[in-house]
K.L.:
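Pasting a structure below so you can have a look.
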Amino acid sequence: MFTARTVRLLVPSAAALWTSALGLWGLSRQNSVWRDEAATWQVARRSTAEIVQLLGNVDVVHGLYYLLMHGLFELFGPGTAVLRLPSVAATAVAAACVAALGHRLAGPWAGLGGGVALGMLPAVQFYLQEGRPYALVAAGAGVSTLLLVTLLEGRGRAVHWIAYSGTVALCGLLNWLSLMILPAHLLTLLLSGRNGRSGRSGHDLGGPGEPGEPGEPGEPGEPGGRGGSGWSGGSAGLGKRWAAAAGAAVACVLPLVLFSRSQSAQVSWIPPLTWHMLIGPVVLLAVGGAGALLDRRSPYRPGGPSAAAVGLPLLVVPHLGLVGLSLIQPLFLDRYVLFSLLGLALLIGAAIGVAVRTVSRRLPRAGWWLLPAIVAVAAVALLPQALAKRSPASRVDDVLAAADDVRRLKRPGDAVLFFPSARRDTRLVSPDAFSGLEDIALARTPERSGTLKGVEAEPARIRAAMLTHRRILLVTDTPAVSRPPATERDRMKRSVLRNHFRIVTDTQTRGRRVTLYERRV
């Protein structure tokens, strides 16, 4: 029905379109922006010089991403769509890469199943619409893994090695923890060298599980052909070239890694690793392991590595690496290894491919409907999760909702306080909502001080300024997510408000709290 060449284009294209549709669905999240995205928003609106100054003090690990978003904000203006569309596009690229990998390694149905599955994973749906760099890292992981498989199939040239090294380096500059993809790729290389496979490839969709015409160029089993395993005879040379490419990528990222250590206090809030934090990863590894076992039993045998040899290391190694790092310094956050879910999606796709072939042998017509049926059942089962991820309640707070409350409550001559000072992101994202309000605690603006939240005055000066105002708006967290005052400034703010002011209005919306205080007579 379709030629092999058409299927090679159709499978990743369908996965990318499906993922894009999921990303565009509810993109604005009811016009909400939470604190992590607020950091991107407010930094992206600064000048290039101000961003560079900021990176010398904080958030250097996100420097490349901030500069990218600065360029997009300059071109298209700030907004939730511009903030999140890069993540949607990046996840679509990642899904296309998974689909292409699955097609090469386990057949077209495995590729289509894996590509579709990626966008449906709950964690992916969360970061699919997130104004942060993690989806971009996942896209880079997909591209680099696809390049690695091309090299393992014996079809690579020098340009592929350069592209591989550059892609890994680019991912590392977006988030240097993504360098954990390198030991995953090394394990894939070792597994593929020991268990190299050859056989037919390039299946078309003439029927579920039915082989089509051999791929091109070359016949299956011939070095340089689509089905060839010609690299296996020169695996030592391949290993050396991989080591050189990996070393070059690490060398590019190493200065960032070393400099970022001076800003490690930024992640001091991450809790120490506990056993219950490992439940989710263990479940993912179990699902991926089941897919790997099914792939090993699959009759489909293309040239190059198996889906299990690519997907399982990509899933397992980053999680184990993050656990190991977290034993030294708490760093265990799932977003740091979001890219590992490409391995899970690939293994799910391989399992779907086995299921389609198994059903097709007994019920040829039913094989065509198996993947749509699986997708429909999964979509219904995951619909509550999908709706939740697109709700403002899925995030800790909503900066824009608090800004709306300030706009409604303020009067000319009022003052504003932020507790803690990090809640100043509300003003930085929506400056218009705070026009006419005096930020009485602020001594140096975030832009001038090269910080995310600015530099506040000494407690005595803040106290004196508070007592000169009749009305003060306090922007803080709701009790459910607030923390006790950690600084002398914040303790003083709370004390003065309690002893000298009374509450007139108290609004709590989506994790943020805006309280209007009036001076006692």
Side-chain angles (χ1 to χ4, degrees), residues 15 18-27 29 34 36-37 84 86-99 113-142 145 171 174-175 177-178 180-181 184 270-271 273 276-291 311-312 314-323 326 331-349 351 375 378-379 381-396:
W18 166 264
T19 307
S20 297
L22 290 175
L24 294 174
W25 170 33
L27 183 65
R29 288 202 308 272
W34 78 296
D36 279 17
E37 292 180 309
R84 294 172 186 148
S87 291
V88 174
T91 310
V93 170
C97 290
V98 170
V116 168
L118 179 68
M120 299 179 70
L121 296 175
V124 173
Q125 291 208 42
F126 188 96
Y127 294 105
L128 171 64
Q129 297 180 331
E130 183 85 347
R132 298 299 279 173
Y134 308 109
L136 277 68
V137 173
T145 304
C171 288
L174 287 168
N175 178 6
L177 287 172
S178 67
M180 287 189 290
I181 200 172
I270 300 177
L273 185 66
H276 79 273
M277 296 167 67
L278 300 177
I279 295 175
V282 168
V283 172
L284 297 179
L285 298 184
V287 174
L312 199 58
L314 184 55
L315 173 63
V316 174
V317 173
H319 278 97
L320 293 181
L322 190 59
V323 169
S326 297
L331 285 173
F332 199 82
L333 295 175
D334 61 349
R335 57 179 178 256
Y336 291 159
V337 290
L338 180 72
F339 64 90
S340 69
L341 296 185
L342 275 67
L344 176 63
L346 179 60
L347 294 169
I348 291 173
V375 172
L382 293 172
L383 183 59
Q385 283 272 359
L387 292 173
K389 296 292 185 289
R390 289 159 177 79
S391 165
S394 64
R395 270 62 174 180
V396 172

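No hydrogens, no waters, no symmetry mates; every other heavy atom, side chains included, goes into these values.
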K.L.:
Atom OG in Ser391, atom CG in Leu387: separation rounded to 0.5 Å?
P.N.:
9.0 Å

K.L.:
Closer than 3.5 angstrom, by distance alone: can the side chain of Trp18 be matched with the main-chain N or O of Val116 as a donor-acceptor pair?
P.N.:
yes

K.L.:
Using a 4.5 Å cut-off on heavy atoms from C-beta on, say whether the side chain of Gln129 contacts that of Arg390.
P.N.:
yes

K.L.:
Please examine the side chains of Pro281 and Phe332, heavy atoms only from C-beta on, and report whether any two atoms are closer than 4.5 Å.
P.N.:
yes

K.L.:
Is there a side-chain contact between Pro122 and Leu382, using heavy atoms and a 4.5 Å cut-off?
P.N.:
yes

K.L.:
Considering only NZ, NE, NH1 and NH2 on the basic side and carboxylate oxygens on the acidic side, decide whether Glu130 and Lys389 come within less than 4.0 Å.
P.N.:
no

K.L.:
Please determine whether side chain to side chain contact (heavy atoms under 4.5 Å, CB included) holds for the pair Leu273 and Leu278, giving the CA-CA distance in whole Å, both sets of side-chain angles, and the decisive distance to 0.1 Å.
P.N.:
CA-CA 8 Å; Leu273 185 66; Leu278 300 177; 4.0 Å; yes

K.L.:
First locate atom CG of Leu22, then atom CG of Leu27, and finally report the distance between them rounded to the nearest 0.5 Å.
P.N.:
12.0 Å

K.L.:
Show the nearest heavy-atom pair for residues Gly140 and Cys171, with the distance to one decimal.
P.N.:
CA-SG, 3.3 Å

K.L.:
Would you say the side chain of Leu128 lies within less than 4.5 Å of the side chain of Thr19, judging by non-hydrogen atoms?
P.N.:
yes

K.L.:
Going by side chain to side chain donor-acceptor pair (under 3.5 Å), name the residues that satisfy it together with Thr145, two or more places apart in sequence or in a different chain.
P.N.:
His185

K.L.:
Using every non-hydrogen atom in the two residues, find where Tyr336 and Asn175 come nearest and quote the distance to one decimal.
P.N.:
O-ND2, 3.9 Å

K.L.:
Between Val137 and Ser178, which heavy-atom pair has the shortest distance, and what is it?
P.N.:
CG1-CB, 3.5 Å

K.L.:
Side chain to side chain contact (heavy atoms under 4.5 Å, CB included) for His319 and Ser340? Distances and angles first, verdict last.
P.N.:
CA-CA 8 Å; His319 278 97; Ser340 69; 3.0 Å; yes

K.L.:
Tell me the closest heavy-atom pair linking Gly119 and Gln125, and the distance in Å.
P.N.:
O-CG, 3.0 Å

K.L.:
Considering all heavy atoms of both residues, which atom of Ala135 and which atom of Thr91 are nearest to each other, and what is their separation?
P.N.:
CB-OG1, 3.5 Å

K.L.:
With heavy-atom distances below 4.5 Å as the criterion, would you say the side chains of Val337 and Met180 are in contact?
P.N.:
yes

K.L.:
Using side-chain heavy atoms (C-beta onward) and a distance below 4.5 Å, is Leu342 in contact with Leu314?
P.N.:
yes

K.L.:
For Glu37, give me all partners under side chain to side chain donor-acceptor pair (under 3.5 Å), at least two apart in sequence or on another chain.
P.N.:
Arg29, Arg84

K.L.:
Given side chains that start at C-beta, do those of Tyr127 and Asp334 come closer than 4.5 Å, heavy atoms only?
P.N.:
yes

K.L.:
So, do Phe126 and Arg335 sit near enough that their side-chain heavy atoms are less than 4.5 Å apart?
P.N.:
no

K.L.:
Do Tyr134 and Phe339 pass the side chain to side chain contact (heavy atoms under 4.5 Å, CB included) test, and can you show the C-alpha distance, the side-chain angles, and the key distance before you say yes or no?
P.N.:
CA-CA 8 Å; Tyr134 308 109; Phe339 64 90; over 6 Å; no

K.L.:
Measuring from Leu177:CG to Leu338:CG, what's the distance to the nearest 0.5 Å?
P.N.:
12.5 Å

K.L.:
If you compare all heavy atoms of Gly291 against all heavy atoms of Ala351, which two are closest, and at what distance to 0.1 Å?
P.N.:
CA-CB, 4.2 Å

K.L.:
Between atom CG of Leu121 and atom CG of Leu284, what is the distance when rounded to the nearest 0.5 Å?
P.N.:
8.0 Å

K.L.:
Between atom SG of Cys97 and atom CG of Leu346, what is the distance when rounded to the nearest 0.5 Å?
P.N.:
11.5 Å

